[in-house]
Amino acid sequence: PTGGPVVSSPAIGVDGAIYVGSLDGAIYAISPQGQQLWKFPTFSAVWASPAVTQNGTVYVGSIDKNLYAIKDGQLAWSYQLGNCGFSSPLIAPDGMIYVGSNDRKLHAIRPDGKAAWSANTGAPVDSSAAMGPTGEIYVGNSARAVLAISQQGQVIGRFESGVPVHTTPTILADGTVVFGADDGVVYAVHAGRLRWKVQTGSAVKSSVTVTPQGTLIVGSDDQHLYALSAAGAVLWKQRLGAPVRGSAAVSLEGNLFVGTEDGTLYGLGPDGRIVSAHKTGGALTSSPAIGPDGMVVVGSQDGKVWGFW
């Protein structure tokens with residue numbers, strides 16, 4: 001167990017090690033067997049999810065206004081964000097790190113911890129960034145917009161959603177940007193124009209996951225998990241009995257794993273049929289992750305990190 005609720009989603013390294021933040025203010029490294037490998041304290045709660053590189057460097061933001069780079073439990077460097085860090089880092093193929101902050105900026109940070117640039121987003125950013133097929137960066141903000149930003153830090157596109165966007169955009173192979181918003185709508189935008197939208201019954205705080213078959217999976221506060229086609233058709237929806245805030249994890253076989261606010265981790269088949277349900281001791285707003293051995297790992301607000309086969 002950690003010393004506080006876990007709302008951070010786990011990140012899993014190539015060696016199977018699990019990295020997660022806690023509201024107790026620390027970052028934890030946990031072995032696939034559930035043993036604590038190390039603990040790194042920050043100066044405030046860690047809401048953001050970590051990102052881990054191939055060599056095991058862990059990047060994570062804290063409410064103490066810093067982004068940390070941690071290697072083997074030791075500080076490599078820290079970068080001052082200017083305000084609270086709720087956004088999880090995006091690591092680009094060239095090693096550049098992109099992270100949003102409540103200082104109304106998207107920061108681009110080099111692997112050595114030096115600033116490359118910061119782009120003004122016009123409003124606080126607590127969602128994570130995503131990279132498009134030609135290298136542009138997409139990020140939502142609390143001022144009712146999703147922005148497209150070039151690799152040089154210039155805002156090159158903007159789609160007005162009309163409501164705050166707290167979810168991470170998902171980029172499809174053709175460059176379509178899909179995201180959920182507080183009005184309960186899942187939007188698909190291409191080249192800055194609305195392609196389609198799907199209305200759910202309540203706010204969408206869950207980011208969209210794409211299955212190996214190309215199906216879009218997203219949860220809603222209306223207590224349902226939705227499966228959508230790339231053209232915006234509702235293929236199925238499954239009632240789970242509590243709001244779905246975390247994103248689904250998808251196995252190579254297309255099986256789905258998602259948590260709900262009543263503390264249940266559900267397993268579903270590709271057709272949406274519920275095949276398993278495991279109860280934890282607290283709400284699950286953390287997104288599950290699947291390890292290289294197939295174990296499903298999720299953080300709970302009971303202060304524990306759970307692993308299920």
Side-chain angles (χ1 to χ4, degrees), residues 9-12 14 49 51 88 90 127-133 138 140 146 165 167-181 184-190 195-201 204-260 264-278 284-299 307-309:
S9 300
I12 300 180
V14 293
S49 303
S88 301
L90 166 68
S127 71
S128 302
M131 179 170 282
Y138 294 93
V146 171
V165 178
T167 63
T168 300
T170 298
I171 318 300
L172 306 186
D174 67 353
T176 299
V177 182
V178 186
F179 60 93
V185 174
V186 180
Y187 294 89
V189 178
H190 189 270
R195 175 165 282 185
W196 53 258
K197 63 181 181 179
V198 173
Q199 180 73 57
T200 75
V204 176
K205 307 285 189 181
S206 163
S207 299
V208 176
T209 303
V210 184
T211 73
Q213 296 75 31
T215 302
L216 313 180
I217 305 295
V218 65
S220 170
D221 276 9
D222 69 4
Q223 306 185 7
H224 287 85
L225 188 70
Y226 290 78
L228 311 175
S229 74
V234 178
L235 303 177
W236 53 257
K237 66 177 183 177
Q238 176 63 259
R239 182 176 174 84
L240 298 180
V244 182
R245 293 286 180 90
S247 303
V250 187
S251 72
L252 294 176
E253 300 75 27
N255 295 314
L256 310 171
F257 301 93
V258 70
T260 58
T264 305
L265 179 73
Y266 287 95
L268 300 91
D271 59 357
R273 181 174 51 90
I274 296 173
V275 296
S276 65
H278 300 282
L284 297 182
T285 53
S286 162
S287 301
I290 303 175
D293 58 0
M295 180 179 287
V296 181
V297 181
V298 68
F308 297 101
W309 290 106

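Just so we're clear, the structure is a prediction, and the values are computed from it rather than from any experiment. Computed from heavy atoms alone, side chains included, the values below leave out hydrogens, waters and symmetry copies.
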Exercise. Let me see the working for F179 and V146 under side chain to side chain contact (heavy atoms under 4.5 Å, CB included), right down to the final yes or no.
Key: CA-CA 9 Å; F179 60 93; V146 171; 3.6 Å; yes
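- For the 3.5 Å distance criterion, the side chains of T200 and S220 qualify, holding a donor opposite an acceptor.
- Between V198 and G232, the shortest heavy-atom distance links the atoms CG2-O, 3.2 Å.
- Proximity of L235 to T215: side-chain heavy atoms (C-beta onward) are separated by under 4.5 Å at one or more points.
- When side chains are defined from C-beta on, M131 counts as touching L90, because their heavy atoms get closer than 4.5 Å.
- A 4.5 Å side-chain heavy-atom check between T209 and L216 finds every atom pair outside the cut-off.
- Residue Q199 holds its CD atom at 9.5 Å from CG of D222, rounded to the nearest 0.5 Å.
- When side chains are defined from C-beta on, V186 counts as touching V178, because their heavy atoms get closer than 4.5 Å.
- With hydrogens and angles disregarded, no donor-acceptor distance shorter than 3.5 Å links the side chain of T168 to the backbone of A129.
- A donor-acceptor pair under 3.5 Å is formed between the side chain of H190 and the backbone N or O of D174.
- With rounding to the nearest 0.5 angstrom, the CD atom of Q223 is 4.5 Å from the CZ atom of R239.
- Looking only at side-chain heavy atoms (C-beta outward), V185 and V204 stay at 4.5 Å or farther from each other.
- Residues Y226 and V234 approach most closely at CD2-CG1, 4.4 Å, considering heavy atoms.
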Quiz item: Could you go step by step and tell me if S251 and E253 meet the side chain to side chain donor-acceptor pair (under 3.5 Å) rule?
Solution: CA-CA 5 Å; S251 72; E253 300 75 27; 3.1 Å; yes
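- Within the 4.5 Å cutoff, the side chain of L228 has heavy atoms near those of the W196 side chain.
- A289 approaches I12 most closely through the heavy-atom pair CB-CD1, 3.8 Å.
- Put simply, the side chain of S247 gets close to the backbone of S207: a donor and an acceptor are under 3.5 Å apart.
- Nearest heavy atoms, P288 versus G259: CG-N, 4.4 Å.
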Practice problem: Would you sort out whether Q238 and I274 count as a side chain to side chain contact (heavy atoms under 4.5 Å, CB included), showing the intermediate values? | Solution: CA-CA 8 Å; Q238 176 63 259; I274 296 173; 4.0 Å; yes
Practice problem: Please lay out, stage by stage, how V177 and Y187 fare under the test side chain to side chain contact (heavy atoms under 4.5 Å, CB included). | Solution: CA-CA 8 Å; V177 182; Y187 294 89; over 6 Å; no
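- Here the side chains of I217 and T211 are in contact, with some heavy-atom distance below 4.5 Å.
- With hydrogens and angles ignored, the 3.5 Å screen pairs no side-chain donor or acceptor of T176 with any backbone N or O of V189.
- A heavy-atom distance below 4.5 Å is found between the side chains of L240 and V258.
- Of all heavy-atom pairs between P169 and A130, the closest is O-CB, 3.2 Å.
- Of all heavy-atom pairs spanning P10 and S287, the tightest one is CD-O, 3.2 Å.
- No side-chain N or O of R245 forms a donor-acceptor pair with one of S206 less than 3.5 Å apart.
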Self-check item: L265/L284 under side chain to side chain contact (heavy atoms under 4.5 Å, CB included): CA gap, chis, key distance, verdict
Solution: CA-CA 8 Å; L265 179 73; L284 297 182; 4.0 Å; yes
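- Between H278 and the options F308, W309, Y266, a ring-ring contact (aromatic ring centres under 6.0 Å, His included) holds for only F308.
- A salt bridge does not link K205 to D221: none of the charged side-chain nitrogens sits closer than 4.0 Å to a carboxylate oxygen.
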